[in-house]
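Notes follow once the structure below has been shown.
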There are 2 protein chains.
Amino acid sequence: MSIKYVILGYLSWKPMTGYDVKKLIADSETLPWSANNNQIYRALVQMYKDDWLTKNIETQIGTPNRHVYTITEAGRQALKKWAGAEPELPQTKNAFLNQLMWADCLAVEEMDALFEAYLNVVGEKIFFIRVQADEKPNMPERTQREEYIWEMIHKNWISHYEMELDWIRHMRQKLSKMQADA
Amino acid sequence: MSIKYVILGYLSWKPMTGYDVKKLIADSETLPWSANNNQIYRALVQMYKDDWLTKNIETQIGTPNRHVYTITEAGRQALKKWAGAEPELPQTKNAFLNQLMWADCLAVEEMDALFEAYLNVVGEKIFFIRVQADEKPNMPERTQREEYIWEMIHKNWISHYEMELDWIRHMRQKLSKMQADA
DNA sequence: TTTCTCATGTAACGCGTTACATGATTAC
DNA sequence: GTAATCATGTAACGCGTTACATGAGAAA
């Protein structure tokens with residue numbers, strides 16, 4: 001997967017500068033990038049060279065000039081092609097599961113503290129995803145279908161993390177029962 | 001997260017060569033590494049230098065000598081420390097969700113094909129995780145607790161992917177209904 | 001005869017991250 | 001007076017990947 005298409009996607013809403021795109025990516029609680037300049041500005045330059053974007057430089061005094069990029073027809077076609085491409089598996093790195101693999105050396109209280117800590121980080125994440133959904137950026141007019149899709153993407157993330165919570169709670173209960181029985 | 005601790009974890013079962021560890025990682029359907037030599041052999045050398053491992057070289061004729069690594073007490077302590085460390089959020093890169101964000105340009109049949117394809121890749125993944133669970137590697141004797149934990153890790157992955165399936169099916173149905181109503 | 005297993009390692013490269021650099025304006 | 005916002009970009013680095021390199025013995 002490439003961040004290129006995410007940038008291109010946002011530019012399909014309206015012309016923007018790298019700085020604008022950066023903010024959109026940074027504000028997202030679910031996009032898997034930290035919105036660093038290095039990637040975004042390079043990607044814009046590359047897509048400009050590939051004629052996926054046109055550039056309009058607005059000269060300013062004091063601050064750096066704004067490089068406003070606009071998606072071209074070729075850009076829209078590249079985006080569409082990518083949107084319909086063969087889907088990949090989601091790739092999850094769950095360090096917590098790897099910790100658990102070797103966690104049997106921990107005492108009962110230590111493991112319980114680990115569960116508690118995991119509940120906290122996941123719970124917080126859910127909270128922030130919900131907050132972000134309420135503070136939606138300026139979106140263009142959208143079809144009913146697109147609105148539904150975005151809602152479902154949001155639900156996908158929420159379900160993902162809530163499953164973690166249920167899973168941990170279930171495990172914790174079972175383990176404390178095993179402990180009590182022994 | 002570091003692959004170091006996964007290697008260390010396997011070595012806590014029994015002494016092994018890099019080649020052995022590589023196979024264990026490669027056979028795993030859920031560990032997020034492709035088991036490449038570059039990482040594994042380097043990690044072993046580094047952990048040996050840090051005195052987390054000792055090395056015993058078994059000379060052979062014809063094939064390269066076997067470098068058998070054994071975990072030390074310092075190694076076990078490092079593993080335990082890591083196992084009890086502050087858990088991180090799982091980091092998921094779901095390219096499919098990013099595709100969907102800009103998929104409204106697709107025709108109804110194209111989007112349906114996309115859903116079908118995603119159902120397939122996720123379904124296959126579930127299948128392979130189940131297969132791998134049946135062909136367990138030679139594991140050491142384990143406590144009841146550890147066995148339960150490993151079972152729950154397995155369930156975590158399965159639930160994760162089955163949630164994807166449910167989610168897609170639900171979405172697909174809803175979208176075809178929206179299509180019919182319009 | 002070709003492929004697989006055993007067994008070690010290196011080279012080149014891509015993607016992503018943090019931190020650095022500059023500098024005016026506006027808000028607290 | 002300090003911090004955030006606007007706005008562009010570069011440098012250094014880490015982690016991970018594929019591919020390369022070698023070479024014997026066993027299996028298909």
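Taking side-chain N and O atoms only, Q60(B) has a distance below 4.0 Å to OP1 or OP2 of dA7(C). In terms of phosphate contacts, T17(A) brings a side-chain nitrogen or oxygen within less than 4.0 Å of OP1 or OP2 of dT8(D). An OP1 or OP2 oxygen of dG9(D) is reached within less than 4.0 angstrom by no side-chain nitrogen or oxygen of Y41(A). The phosphate of dT5(D) has neither OP1 nor OP2 within less than 4.0 Å of any side-chain N or O from K23(A). Remark: Y19(B) is not in phosphate contact with dT8(C), judged by side-chain N or O atoms under 4.0 Å from OP1 or OP2.
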What string of B, S and - do you get for nucleotides 17-28 of chain D, 5' to 3', if B is base contact, S is sugar-phosphate-only contact and - is no contact with any protein heavy atom under 4.0 Å? BB----BS----
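Between the CG atom of D20(B) and the C1' atom of dT5(C) there is a distance of 12 Å, given to the nearest Å. In this structure, the NZ atom of K93(A) is 7 Å from the C1' atom of dG16(D), given to the nearest Å. As rounded to whole Å, 13 Å separates atom C1' of dT5(D) from atom CZ of R66(A). In this structure, CG of L24(A) is placed 15 Å from P of dT5(D), rounded to the nearest angstrom. When rounded to the nearest whole Å, the span between NZ of K22(B) and P of dT10(C) equals 14 Å. Following rounding to the nearest Å, Y48(B) (OH) and dG9(C) (C1') show an atom-to-atom distance of 17 Å. Regarding I3(A), its CD1 atom lies at a distance of 9 Å from the C1' atom of dG16(C), rounded to whole Å. Between the NZ atom of K55(B) and the P atom of dT8(C) there is a distance of 10 Å, rounded to whole Å.
Checked by atom type and distance alone, the side chain of T70(B) never pairs as donor or acceptor with a backbone atom of P15(B) at under 3.5 Å. Checking side-chain atoms of Q99(A) against main-chain N and O of A85(B) turns up a donor-acceptor pair under 3.5 Å.
The aromatic rings of F96(A) and Y118(A) lie parallel to each other, with less than 30° between the two planes, well short of the 60° mark. Below 30°, between 30° and 60°, or above 60°: for H67(A) and Y69(A) the angle between ring planes is between 30° and 60°, a tilted geometry.
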Verify salt bridge (Lys or Arg N to Asp or Glu O under 4.0 Å) between R142(A) and E151(A), making sure each step is shown before the conclusion. CA-CA 12 Å; R142(A) 7 197 22 197; E151(A) 192 191 308; over 6 Å; no
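With no hydrogens or angles considered, a side-chain donor-acceptor pair links T143(B) and D104(A) at under 3.5 Å. A donor-acceptor pair shorter than 3.5 Å can be found between the side chains of Q60(B) and T63(B).
Nucleic acid contact class of K4(B) (heavy atoms, under 4.0 Å, all strands): none.
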